Structure formats: C-alpha cells, structure tokens
There are 2 protein chains.
Amino acid sequence: MATKPKKQLIYEAAARLFQEKGYSAASMRDLAERVNLKASSLYSHIRKKEEILQKICFDNARRFLQGLAAIEQKTADPLERLEALIHLHIDIALDDPTSITVFNDEWRHLEEPYLGDFVKLRRDYEQRFRQIIQTGMDQGVFRKVDPNTALFTMLTALRWIHYWNPTQIPGNLHTEITSLLLRGMVE
Amino acid sequence: MATKPKKQLIYEAAARLFQEKGYSAASMRDLAERVNLKASSLYSHIRKKEEILQKICFDNARRFLQGLAAIEQKTADPLERLEALIHLHIDIALDDPTSITVFNDEWRHLEEPYLGDFVKLRRDYEQRFRQIIQTGMDQGVFRKVDPNTALFTMLTALRWIHYWNPTQIPGNLHTEITSLLLRGMVE
DNA sequence: GTCTATAACTTGATAGAC
DNA sequence: GTCTATCAAGTTATAGAC
C-alpha cells in the first residue's frame, strides 16, 4: 500500500481549506496545522501559497478542455455534443467537488501572468461551447435564443453540483439535469 | 439636487471593492482611498468592516424574501409563481449587480450570530421555492424530477446575470431565460 | 469629521540549527 | 525535512489633536 507523498497531502488539505474559508482568508498557519507541520515547514514542499492555487486552477481547466476535445472528436451532432458536455460537467463536479469549488470561486486570486493565461483558457472553452449551441440553432435542433444567454444559463446551472452532500445525490442525477436543461421544467 | 451622504458613498464603494477583490482581500485602506479618506476616518461613519457586509447581505436577503412573499400573495398557481420568481431574480440582479455579487459570494465571511441568521433566511427562501416546485409537480404542471435538483438547477441558473456587461444585455432577457428554464434548449 | 500616530495582531516568507 | 526564531509588511481598529 503506497503512502501519499506529503506534497500531495498538502495540496489536498489546501483545497479543502480554500473551499471552506476562501483563498485570501486561508492562512499558511491554518494549512500547516491541518497537515501537522509548522508553517515554515510547508516551504520545504512548495515555493509559495499561490503555487497551490495555480495547480488547482490549471489542473481543472485542463480537465474541462480535454473533455471538450474528446467530445468534439467523438461526434459532430450538436445535441449529442451538448448532452456529453452536461455529463462532463456533472462527472467532474462529482469526482472532485472540493477542487472544483476552488477552481470556480478562487481563480481570480491568481497572480499575473497566470491570471491572464487562465482567463484565456476559459474564454477558449466558452467559445467552443457557444459554437456547439450556435450550430444546433443553425440546424434547427435548438430553439433560437441569444447564444450567450443559453451558454451562461447552462454553464451556471451546472455550478451547484459540487455543493451537494455526496450521501444524498439521487442516482439518476445525469438524466434529471439533462432533462431539465434540454426540455425544461414544464410537463 | 440632494448629495449622497458620505456613509452611503462608503457602502457603495465597499460593495464594488468586495466584488472586485473579495471581502477578505479588500482592505480598509483600499476602501478609504476610493472615497478620498484616510482609513481611520472611515470609522467616523461605520463601526467595523463586517458591518458593511452585514448590510449588503441582509438588505438583499430581505429583497428576495419580500419579493417571494408578494408572489405568494398574488397567485397560487405554481407556474405563474415560478415565472414570477424567475423574473424577480432577473430584476434584482439587473437592478444592483454589484451588491448581488457580494450577497452571493461573500456572505460566508459574516461573523456569528449574523452568519447563522443569514443561513436561516436562505433556508427559508429555498424551502418556499421548493414548495412551489413540489406543488407544481403534484398538480401535474411540472415534470416529476427530484425537487432539490430542480430547485438548485434553477437557482444557480439565475446566478450569472449580475456578471453581464450592462451594455450588452439583450432586451428580451426575461423571455429568453424563462423560456430556457421552463421549456429547455431543444426545439 | 478628518487627520497623525500607534496599538495589537496576523500575514507570507526566510535563516539557520538540528 | 522540521523545527525555532524572526522579519517586513500588512491588517483592523482606536486615541487624541485640530
């Protein structure tokens, strides 16, 4: 049984701490206490606090972008693509809710040039997502609404799953959310 | 022409500052600079930093709860109530996006007992929102999905409007979002 | 009401012994 | 790698002169 390297324990504890208190309010002394170290000892494993935030943000950005690329490769059908995207967001949120919360809520505390790089990645993701919506509208598969409104409504509609208490997640979550977003609330 | 009292200028500048940097990363010196004061002079107008956050959070909580109460009084029909709720969220978000961002993202930095009070207000709001959904399902007006999934999907789907650049908001925003949430993406 | 000065404390990060 | 000791800078907030 392989033990986790201390560096990884620090990253995981940091993600939980940033989730609970927010990046700015989380201190290195808080973090050290959670991994049974003194604050100064953390610096044998990491170079600085923001380095941890960088890893969380860019690892998750990569996950979303790789997932999107896989979907674009698999099918060209806008409806299939949209369904797969919804599933991608749900899967990532369920797989590592803590990390996703930090990625979603704390990225703006990145320092330059990382902040700029991160925003670029996000813009790229949104642009390709919007393109799928637009294509679906052009093909008459999706109802014609403002593409940005549709994009942000769906993107944010998928941004609460990581808050869910894992023990009470309904089994058919994928089906229900997909159904809500694709066919709406009304019977 | 009535000039705004300095206290109000401070609250407005604080809301913008909290929105931009987050509550924890925003310092009283930052805030003072924005209203052309020294940090210590702020304390002639407010008692402490957190007092500003309290006002922002509870003023907005009150707005949502009063809006909900008005809707409950106006109609008993679940579909009409849901449509009105969607409009309420959009109206509030468009009316004061800065304040709403802070309300949404920074409330957890409230100190006790305000934090507990705030969470109670939010639970109450969610409970009454969920009840509307449940009644609609019982009456066969809404599709039967997990009520919590429907509740949080809609609540968060309405949580991006305050980020929108006011100059590019489409005129038929209410119609489009309502249509997306009630009837979904698919033609 | 606004200022200067400062108290009292927390922050991220480093130096150097072990 | 972990510790103690420490630093420089930043934090909220107060005291008291004007």
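Every chain is numbered from 1, with letters handed out A, B, ... down the list of sequences. Quick caveat: nothing in here was measured; it's all calculated off a predicted structure.
- Among residues at least two apart or in separate chains, ring-ring contact (aromatic ring centres under 6.0 Å, His included) pairs with a member in residues 126-155 of chain B are A:Trp160-B:Phe152.
- In this entry the distance linking CD1 of B:Ile46 with C1' of D:dT14 reads 13 Å, nearest Å.
- Atom CZ of B:Phe18 is separated from atom C1' of D:dT12 by 12 Å (rounded to the nearest Å).
- Taking side-chain N and O atoms only, A:Lys6 has a distance below 4.0 Å to OP1 or OP2 of D:dT2.
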- prompt: Which nucleotides of nucleotides 5-18 of chain C have their base under 4.0 Å from a protein heavy atom (B), which only their sugar-phosphate (S), and which neither (-), written as one string 5' to 3'?
  reply: B-----BBBBB---
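- D:dC3 atom P lies 9 Å from atom NE2 of A:His45, rounded to whole Å.
- Remark: the B:Arg130 side chain and the B:Gln127 side chain contain an N/O donor-acceptor pair separated by less than 3.5 Å.
- Between the P atom of D:dG10 and the CG atom of B:Leu31 lies a distance of 18 Å, rounded to the nearest Å.
- No more than 12 heavy atoms of other residues, nucleotides or ligands shown are found within 6.0 angstrom of OH on B:Tyr114.
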Result block: side-chain N/O donor-acceptor pairs under 3.5 angstrom for residues 84-92 of chain A, not counting sequence neighbours:
residue : atom : partner  : partner atom : Å
A:His87 : NE2  : A:Thr178 : OG1          : 3.4
A:His89 : NE2  : A:Tyr125 : OH           : 2.7
A:Asp91 : OD1  : A:His174 : NE2          : 2.7

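- Residue A:Lys38 places its side chain closer to D:dT4 than to any other of D:dT4, C:dG1, D:dT2.
- A donor-acceptor contact closer than 3.5 angstrom links the side chains of A:Thr167 and A:Asn165.
- Residue A:Lys38 places its NZ atom among 12 or fewer non-hydrogen atoms of other residues, nucleotides or ligands, all under 6.0 Å distant.
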